[in-house]
*Asks:* 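One structure, pasted below without further comment.
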Amino acid sequence: MQKHVLVTGGAGYIGSHACKALKAAGYVPVTYDSLETGWEEAVKFGPFERGDLLDRARLDEVFAKWKPVAVMHFAALSQVGEAVAQPGRYWRVNVEGSLNLIEAAIAAGCLDFVFSSTCATYGDQDGVVLDENTKQAPSNPYGSSKRAIEEMLRDFGTTYGLRHVIYRYFNVAGADPEGEVGEFHQPETHLIPLMLDVVSGKRPALTLFGTDYPTPDGTCVRDYVHVTDLVDAHVLGLRWLEDGKANRVFCLGSGTGFSVRQVVDEARVVTNQEVPMTIGPRRPGDAACLVSGSDRAKQELGWTPTRSTMQQMITDAWRWHETGHYDK
Ligand code: UDP
């Protein structure tokens, strides 16, 4: 019998890549997405159910229809700047939406849950290499909302036996090497796609959000991980739960930090073109440095990232940028 997995946010960047990986692993990914920030064209690997996380009746209907064996929960608002400007929206959509989803899953007897959390739950911790044991201290409402959902999963696990794997993502980049899906936000706020817009002449210049951080070149340092490596870990997490293993948190990063300027330097090499830049103020809520320092996912899940070099991520993002996009 085919196993269905409910993928919230399956029409988004990471969720669509996860659907492809799930299909390749023999599952049927059922996308649940409001299309507020997702793209119906990105739903290519299984059925689509349009719906909002805040709509409990719709969630119940979808659980009853597909009887998923597990949930992969990607759907969320995820922009730091927006979160600082609109904290209420982030708490409502992310936290209340996740509460609805968790309660609907439990009511339907679907007790395996794979959750997308974030390194933003750590906040600004000067010079600390972040791993699963690092204290969480979010510095913006996006991080706070994700930390709250992590706690919610633990509480519902204790009472109802909900089983979970929590992934704390670092910065996700790149695109499907076969070009079926890729990163496309409207409006775009992320560094790599914005930078590629500049390379292709769609934008005049990249603004560096602050050059006075306590980092080697003054720009923020992030740890970038390829989206296909990231979603591979999710399939391993699903199997982890199927094998009856314990609730677990895993950091997913490459373990290497790149400053904004270093990312731009690599883009120059990959595209063989200049990237005009201007210097702007810091973006509220940004941490100076977020770099992962754990091999837990590799050691325990057997995760083996294969595409998470900066050169490969920009190469794949650039190919998608030049050939693929979605239209509303
Ligand atoms: N950034 C930047 N200019 C931009 C977009 C992003 O300097 O136009 C910086 C941002 O401040 C952060 C890094 O690039 O330090 C990555 O930002 P992004 O929004 O891609 O991901 P985030 O770190 O917020 O998850």
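Counting starts at 1 for both ligands and their atoms, in listed order.
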*Asks:* Is it the case that ligand 1 has an N or O less than 3.5 angstrom from some N or O of Arg222?
*Replies:* yes
*Asks:* When only distance counts, is Asp286 in polar contact with ligand 1, meaning an N/O pair under 3.5 Å?
*Replies:* yes
*Asks:* Considering only NZ, NE, NH1 and NH2 on the basic side and carboxylate oxygens on the acidic side, decide whether Lys245 and Glu300 come within less than 4.0 Å.
*Replies:* no
*Asks:* Among protein heavy atoms, which lies nearest atom 9 (C) of ligand 1, and at what distance?
*Replies:* Val260 CG2, 3.8 Å
*Asks:* Between Arg58 and Glu61, is there a side-chain N and carboxylate O pair less than 4.0 Å apart?
*Replies:*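 Salt bridge: yes.
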*Asks:* Salt bridge or not between Asp232 and Arg307? Use side-chain N to carboxylate O under 4.0 Å.
*Replies:*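 Answer for the salt bridge query: no.
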*Asks:* Taking NZ, NE, NH1 and NH2 as the nitrogens, is one of them in Glu82 or Arg283 under 4.0 Å from a carboxylate oxygen of the other?
*Replies:*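 A salt bridge is absent here (no side-chain N lies under 4.0 Å from a carboxylate O).
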*Asks:* For residues Phe63 and Ala108, report the shortest heavy-atom separation together with the two atoms involved.
*Replies:* CB-CB, 3.7 Å
*Asks:* Of all the non-hydrogen atoms in the protein, which one sits nearest to atom 20 (O) of ligand 1, and at what distance?
*Replies:* Leu191 N, 2.9 Å
*Asks:* So, Lys20 and Glu180, do they make that salt bridge, N to O below 4.0 Å?
*Replies:* yes
*Asks:* If we ignore hydrogens and angles and just use 3.5 Å, is the side chain of Thr8 paired with the main-chain N or O of Ala75 as donor and acceptor?
*Replies:*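 Yes, Thr8 side chain to Ala75 backbone: donor-acceptor pair under 3.5 Å.
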*Asks:* What do we get for Thr189 next to ligand 1 when only non-hydrogen atoms under 4.0 Å count, side chain, backbone, both or neither?
*Replies:*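 Near ligand 1, Thr189 shows its backbone, while the atoms from C-beta on stay back.
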*Asks:* Less than 4.0 angstrom from a charged side-chain N to a carboxylate O is my criterion; do Arg50 and Glu40 meet it?
*Replies:*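 The answer is no: the pair does not qualify as a salt bridge.
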*Asks:* Report the hydrophobic cluster partners of Met310, with the cluster defined as I, L, V, M, F, W, Y residues connected by side-chain heavy atoms closer than 4.5 angstrom, directly or transitively.
*Replies:*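 Listed partners: Leu191, Ile192, Leu194, Met195, Leu196, Val198, Val199, Leu206, Leu208, Tyr224, Phe258, Val260, Val263, Val264, Val270, Val275, Met277, Ile279, Met313, Ile314, Trp318.
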*Asks:* Could you list the atoms of ligand 1 found under 4.0 angstrom from a heavy atom of His190?
*Replies:* 18 (P), 19 (O), 20 (O), 21 (O)
*Asks:* Checking a contact table here: which protein heavy atom is nearest atom 15 (O) of ligand 1, and how many Å away?
*Replies:* Cys220 CB, 3.0 Å
*Asks:* Just let me know how Thr207 lines up against ligand 1, side chain, backbone, both or neither, with a heavy-atom cut-off below 4.0 Å.
*Replies:* backbone
*Asks:* Could you find the nearest protein heavy atom to atom 25 (O) of ligand 1 and give me its residue, atom name and distance?
*Replies:*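 Among all protein heavy atoms, the one nearest atom 25 (O) of ligand 1 is Asn171 ND2, 3.5 Å.
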*Asks:* Counting both backbone and side chain atoms, is some N or O of Phe209 under 3.5 Å from an N or O of ligand 1?
*Replies:* yes
*Asks:* What part of Arg283, side chain from CB on, backbone N/CA/C/O, both or neither, has a heavy atom under 4.0 Å from ligand 1?
*Replies:*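 Side chain only; the backbone of Arg283 stays clear of ligand 1.
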*Asks:* Give the atom numbers and elements of ligand 1 that come within less than 4.0 Å of a heavy atom of Leu208.
*Replies:*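 The list of qualifying atoms is 7 (O).
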*Asks:* Report the nearest protein non-hydrogen atom to atom 8 (O) of ligand 1: residue, atom name, distance rounded to 0.1 Å.
*Replies:*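 Here the nearest protein heavy atom works out to Leu194 CD1, 3.3 Å.
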*Asks:* Record the part of Tyr224 in heavy-atom contact with ligand 1 below 4.0 Å; permitted values are side chain, backbone, both and neither.
*Replies:* side chain
